[in-house]
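Just below is one structure, and these are the notes that go with it.
The residues of the chain are indexed from 1 along the displayed sequence.
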Amino acid sequence: AKQEGRGRLSFYEARMGVQVRERRQIEHDLRLAVERGEMRVVYQPQNRIDTGEAVGFEALLRWDHPLRGSVPPNHFIPIAEETGTILDLGEWVLRETCREAASWDKPLRIAVNVSAVQLHAAGFAELVHEVLFTTGLKPARLELEITETALIRDLPRALATLRRVKAMGVRIAMDDFGTGYSSLSNLRAFPFDKIKIDSSFTRSVDTSEQAATIVRTVLGLGRGLGLPVLAEGVETTGELAFLGEEACQEAQGYLFGRPGPIDGFRHLTTGRPPA
Ligand code: C2E
Ligand code: CA
Ligand code: CA
Ligand code: CA
């Protein structure tokens, strides 16, 4: 049996080979995706809960692969982070969204996700400065969304970078709060302007007493630290009612709008009713 197998690819080896090749292909395609025009940004409104008005948008990446179709960010962002392509991709998203937001009639905020790799790369603060200068976007309209996981790689370095960005007037939001390495000392030590509660808590807030307790606790934390809280993934009026009663400041989710091309939100960026 041993002799038989020698020199031949086992089923598992063959399958591994296919996976490795597929992965290399995606890495390769990802490197070229921006210049090939396959990447685009969709926008999702962020709303005040008391008045219901939109106060900004989160920018979310979409990759339309010519053969694979739409590749979800949860699939390609980790690959882009491992290969370093996220640096080019992240710079493209930042430039694209700041330029877009600078063209709006209303001074709404634009929230941009920043990966750990970007945050720890040399020159990130300079990049933000240059993009704001080039696009003319007022720094206070830019909000960088950072997860706690992104901070822990090198806390002193992340802190130094965020302080420099913050000194420009840019806002900083803690993303996905409650998942990962939630640490209260990070919340206190870092110059955050907002806490975003992860959708996994929001989703169950009207049905699970446990989720409700967690959300109340985060809201209390926000009050104590003087930080407004945004709840992600709000889908139902029941969830919104709970959040309103508990004095959560902002919400984002399908209830207010699904992520989409900015042209679908012109009534919000111009303040004029849809044509
Ligand atoms: P995230 O930052 O937590 O973004 C929120 C995700 O929740 C988005 O998924 C959004 O489409 C989805 N979502 C919003 N409202 C609802 C809702 O009511 N119900 C449900 N079920 N989902 C909702 P998306 O667009 O697939 O992005 C997934 C993740 O990929 C993001 O999670 C973020 O971590 C990452 N990502 C997306 N764009 C970028 C980017 O430009 N740069 C980086 N570094 N990461 C990005
Ligand atoms: Ca985010
Ligand atoms: Ca989230
Ligand atoms: Ca629910």
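- Here CD1 of Ile110 is found 8.5 Å from CG of Leu137. Values are rounded to the nearest 0.5 Å.
- For His120 (side chain) and Ala116 (main-chain N/O), a donor-acceptor pair under 3.5 Å exists by modelled atom type.
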Working for salt bridge (charged side-chain N to carboxylate O under 4.0 Å, His left out), residues Glu145 and Lys196: CA-CA 9 Å; Glu145 297 198 357; Lys196 291 190 80 176; 2.7 Å; yes

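- In this structure, Trp63 and His65 have perpendicular ring planes: the angle between them is above 60°, well past the 30° mark.
- Note that the CG atom of Leu225 and the CZ atom of Arg188 stand 8.5 Å from one another [nearest 0.5 Å].
- Contact detail for Glu91 and Gln118: the closest heavy-atom pair is N-NE2, 4.2 Å.
- Nearest heavy-atom pair, Ala54 versus Leu108, reported as atom, atom and distance to 0.1 Å: O-CD2, 3.6 Å.
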Criterion side chain to side chain contact (heavy atoms under 4.5 Å, CB included) on Leu30 and Ile79, from CA distance to verdict: CA-CA 9 Å; Leu30 201 46; Ile79 299 177; 4.0 Å; yes

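- The CD1 atom of Ile77 sits 12.5 Å away from the CD atom of Glu82 when rounded to the nearest 0.5 Å.
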Verdict with supporting geometry, Arg31 and Asp88, salt bridge (charged side-chain N to carboxylate O under 4.0 Å, His left out): CA-CA 9 Å; Arg31 265 193 292 276; Asp88 286 343; over 6 Å; no

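- Pairing each heavy atom of Phe256 with each of Gly52, the nearest pair is CE2-O, 4.3 Å.
- Closest approach of Ile49 and Gly244 over heavy atoms only: CG2-CA, 3.8 Å.
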Side chain to side chain contact (heavy atoms under 4.5 Å, CB included) evaluation trace for Gln44 with Leu60: CA-CA 8 Å; Gln44 184 177 36; Leu60 295 159; 4.2 Å; yes

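- Contact annotation: the side chain of Met39 approaches that of Phe76 to within less than 4.5 Å [non-hydrogen atoms, C-beta and beyond].
- When all heavy atoms of Val170 and Asp193 are compared, the closest pair comes out as O-OD2, 4.2 Å.
- Side-chain atoms of Glu100 and Tyr43, non-hydrogen and from C-beta on, do get closer than 4.5 Å to each other.
- No more than 12 heavy atoms of other residues, nucleotides or ligands lie within 6.0 Å of NE2 in His129, so this atom counts as exposed by the packing criterion.
- Pro139 places none of its side-chain heavy atoms less than 4.5 Å from the side chain of Phe133.
- Atom CZ of Arg23 is surrounded by more than 12 heavy atoms from other residues, nucleotides or ligands within 6.0 Å.
- A distance-only check finds no donor-acceptor pair linking the side chain of Ser204 to the backbone of Phe201 [under 3.5 Å].
- Contact annotation: the side chain of Leu155 approaches that of Leu151 to within less than 4.5 Å [non-hydrogen atoms, C-beta and beyond].
- Proximity of a side-chain donor or acceptor of Asp64 to a complementary backbone N or O of Ser70 within less than 3.5 Å is not detected.
- Leu89 and Val114 end up in the same hydrophobic cluster when Ile, Leu, Val, Met, Phe, Trp and Tyr side chains are linked at under 4.5 Å.
- Clustering ILVMFWY residues whenever any of their side-chain heavy atoms sit less than 4.5 angstrom apart, transitively, puts Leu255 in a cluster other than the one holding Val42.
- Aromatic pair Phe265/Phe57: centroids less than 6.0 angstrom apart.
- The backbone N or O of Thr202 sits nowhere less than 3.5 Å from a side-chain atom of Ser199 that would complete a donor-acceptor pair.
- No side-chain N or O of Thr83 forms a donor-acceptor pair with one of Glu27 less than 3.5 Å apart.
- For the residue pair Glu232/Gln252, the side-chain donor-acceptor check at 3.5 Å is not satisfied.
- Within a 6.0 Å sphere centred on CD of Glu126, heavy atoms belonging to other residues, nucleotides or ligands number more than 12.
- Between Ile26 and Arg68, the closest side-chain pair of non-hydrogen atoms falls below 4.5 Å.
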Evaluation steps, salt bridge (charged side-chain N to carboxylate O under 4.0 Å, His left out), between Glu130 and Arg95: CA-CA 10 Å; Glu130 181 265 313; Arg95 208 174 284 286; 2.8 Å; yes

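- In this structure, Ile195 CD1 and Asp175 CG are separated by 12.0 Å, a value rounded to the nearest 0.5 Å.
- The cluster map of Ile, Leu, Val, Met, Phe, Trp and Tyr, joined by side-chain heavy atoms under 4.5 Å apart, puts Ile172 and Met168 in the same cluster.
- With hydrogens and angles left out, the side-chain atoms of Asn113 and Glu58 include a donor and acceptor closer than 3.5 Å.
- Other residues, nucleotides and ligands place no more than 12 heavy atoms under 6.0 Å from the CZ atom of Arg163.
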Side chain to side chain contact (heavy atoms under 4.5 Å, CB included) assessment of Leu142 paired with Val128: CA-CA 10 Å; Leu142 176 63; Val128 172; 4.1 Å; yes

Evaluation steps, side chain to side chain contact (heavy atoms under 4.5 Å, CB included), between Arg171 and Leu144: CA-CA 6 Å; Arg171 296 166 50 90; Leu144 302 179; over 6 Å; no

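- The closest donor-acceptor contact from the side chain of Ser208 to the backbone of Val205 lies at 3.5 Å or more, if one exists at all.
- The line from CG of Asp176 to CG of Asp198 is 4.5 Å long, rounded to the nearest 0.5 Å.
- Formation of a donor-acceptor pair under 3.5 Å by the Lys166 side chain with backbone atoms of Pro191 is found in this model.
- Side-chain atoms of Arg109 do not come within 3.5 Å of backbone N or O of Val55 as any donor-acceptor pair.
- Going from atom CD1 of Ile86 over to atom CH2 of Trp92 covers 12.0 Å, rounded to the nearest 0.5 Å.
- There is no path of hydrophobic side-chain contacts, each under 4.5 Å, that joins Leu32 to Val71.
- In this structure, Leu230 is not a member of the same hydrophobic cluster as Phe177, with clusters built from ILVMFWY side-chain heavy atoms closer than 4.5 Å.
- At least one side-chain heavy atom of Leu187 sits under 4.5 Å from a side-chain heavy atom of Phe192.
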Full working for salt bridge (charged side-chain N to carboxylate O under 4.0 Å, His left out) between Glu239 and Arg203: CA-CA 7 Å; Glu239 292 156 9; Arg203 191 179 309 141; over 6 Å; no

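- Here the side chains of Val215 and Glu246 are not in contact, with every heavy-atom distance at 4.5 Å or above.
- What you find for Val234 and Ala251 is that their closest heavy atoms are CG2-CB, 3.8 Å.
- Side-chain contact between Phe190 and Leu162 is present, with at least one heavy-atom pair separated by less than 4.5 Å.
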